Amino acid sequence: MIKLIRGFRDILPGQVELWQDIESKARVLLENFGFREIRLPIMESTELFARGIGADTDIVEKEMYTFPDSKGRGQTLRPEATASVVRSYIEHGYAGSDPVQKFYTIGPMFRHERPQKGRYRQFYQINAEMFGVASPLADVQIMYLLHLFFTGLDVPDVVTHVNSLGCPECRPKFREALISFVSDKMDRLCSDCQRRAEANPLRVIDCKVPGCKEAVQGAPSIQDHLCPDCKEHFQAVIEGLDDLNVPYEIDPRLVRGLDYYTRTTFEVQTTLLGAQNAVAGGGRYDGLVKVLGGKETPAIGFAVGFDRLAALLGAEEKDFTVPPALFIAALGEDARKIAFGWLCDFNARGLRAEMDYEGKSLKSQMKQANRFNAGRVLILGENELQNGMAVLRNMNTKEQEEVALDGLTDRVAALINQG
Ligand SMILES: [Zn+2]
Ligand SMILES: [Zn+2]
C-alpha cells in the first residue's frame, strides 16, 4: 500500500465541511472589507523567499522544499504567502497605476519542519495584504477584521497582542541595547541564537527555546526606544482598537526579527482548549516591496493558521458531515428506474438526495438511509407503483404520508424546503 508522505495529511469529508465553512466566512468578510482574491502559484524561485523572508531565518535556512529546475535554478514550494503577493504586486505594476490594493489568498504552504501533533509540512493559511497605506487606520482595520472573523466563528477569549517594531530611524538604537544585553548571556542561548545574536538580536527575543526565553527576561523593551513618529503611530493604533472595542494586550516581546518589518506587529491569541494559542499573526512590512525590487510602498498583512483554527473548532473530534435531505429506497427494476429519474431531478433542483444503485433489499436500503442520517426517506416498491403512491417517511418524527407519483418531485421538494 502506498501511504502519505510523513508530515502530510488528507482532509476528509466530515472535517472538510468545517474547513469550507471557515473559508467561506473568511471570503465574505474579506470581500466586505474590500479585499480581492489573488490566486498565486505554490512554487516560486528560491531567491524570492531568501530575500523576502530573510536568509538567516529557520524557514530559509532549513525548512524550505527546494528543487532545481532542468537548468539547475532553484525553485521552492512557498513556505508563506506574503513574498509571493509582493512579487505579484510589483510584477503587475500596481505601484505605478493604483498603489492602494487589498488582496487575499487562501491555500497551502510547505515547510519541512519536524512533524508533531497538529503541525503539518503542508499547512494552510488565509492571507491578506494591504498595500499603499501608511496610516495607522490600515493597521486598525486589519486587526478589527480579524477580531470579527474569530468572534464570528465563536472562538472564545480572542485577544490581539500588539507591539511596534519601530522603524529604520529608531530600531538601530534598540538593537544596540539588545545586543549589549544579550552579549553576556550567550552561554545560556541555543546554538541558533548564539549564531544569530549579533546579526539579528530580535530573533533571540522571539526564540521559543525555554533557555532562551529565560535568558531574555528583563531585556530592553522596544516600547522605550520608539522615535516620536513611531510612538504616534502606535498610539493611534491603540486608540483605534479602543474605539472599536477590539480586546488587545500590548506585548513588547512580540517581534519579527527582519529589518523590513516595521512598526505594528500583532498576534491573535485564544485560550480555547486551555493553552494559549496563536491563530493569526501579522504586521507592517513597509520595507519589503522595495527589498523585492519595487518602489518604496507601505504595506501590512496577516496570516491565519487554518489548520490550528480548524483543530480548535473541533475538526478532529466532531463530524461536520451535512446529511442528505432525502434517501430514495426503491424495490424492483421498474421502481428503481423511476427512482433514479427522481434522484436526478432532486439533485438538479439543488436538493441533496441519495439512493441505492445496486438493487439491495428494503432492509439494507433503510440501513443505508440511517447511515446517511437522511432527513426523509421516500419508499417506492411494487405495491406503491400499483397504487400510484409513494411513501414519504420523516426520519425525525417517524411520520409517514403518501405522495402521488404524478408530480411527486414538486410535492416532495416543497415539503423538504418547508423543513
Ligand atoms: Zn521610528
Ligand atoms: Zn534560541
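If you're wondering where the values come from, they're calculated on a predicted model, not measured in any experiment. Ligands are counted one by one from 1 in listed order, and the atoms in each one are counted from 1 as well.
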Query raised in the report: Mind checking what makes side chain to side chain donor-acceptor pair (under 3.5 Å) contact with Glu232, not counting sequence neighbours?
Result: none
Query - Sidechain-backbone polar pair: Lys398 side chain, Met395 backbone, donor-acceptor under 3.5 Å - result: yes
Query - Sub-2.8 Å protein N, O or S atoms surrounding the Zn ion (ligand 2) - result: Cys190 SG, Cys193 SG, Cys207 SG, Cys212 SG
Report task. For Arg196 and Pro201, indicate whether the former's side chain and the latter's backbone hold a donor-acceptor pair under 3.5 Å. Result -> no
Requested in this report: Without swapping roles, check the side chain of Asp286 against the backbone of Ala299 for a donor-acceptor pair under 3.5 Å.
Outcome: yes
Report task. Pull up every protein N/O/S atom sitting under 2.8 Å from the Zn ion (ligand 1), skipping waters. Result -> Cys167 SG, Cys170 SG, Cys227 SG, Cys230 SG
Query raised in the report: When the ring planes of Tyr124 and Trp19 are compared, do they come out parallel, tilted or perpendicular, using 30° and 60° as the limits?
Result: perpendicular
Requested in this report: List in chain and number order the residues that pass salt bridge (Lys or Arg N to Asp or Glu O under 4.0 Å) with Asp243, two or more places apart in sequence or in another chain; answer none if no residue qualifies.
Outcome: none
Query raised in the report: Do the ring planes of Phe110 and Tyr65 sit parallel (below 30°), tilted (30 to 60°) or perpendicular (above 60°)?
Result: perpendicular
Query - Whether Tyr89 and Tyr94 hold their rings parallel, tilted or perpendicular, with breakpoints at 30° and 60° - result: parallel
Query raised in the report: So, are Lys290 and Glu296 salt-bridged, with charged N and O less than 4.0 Å apart?
Result: yes
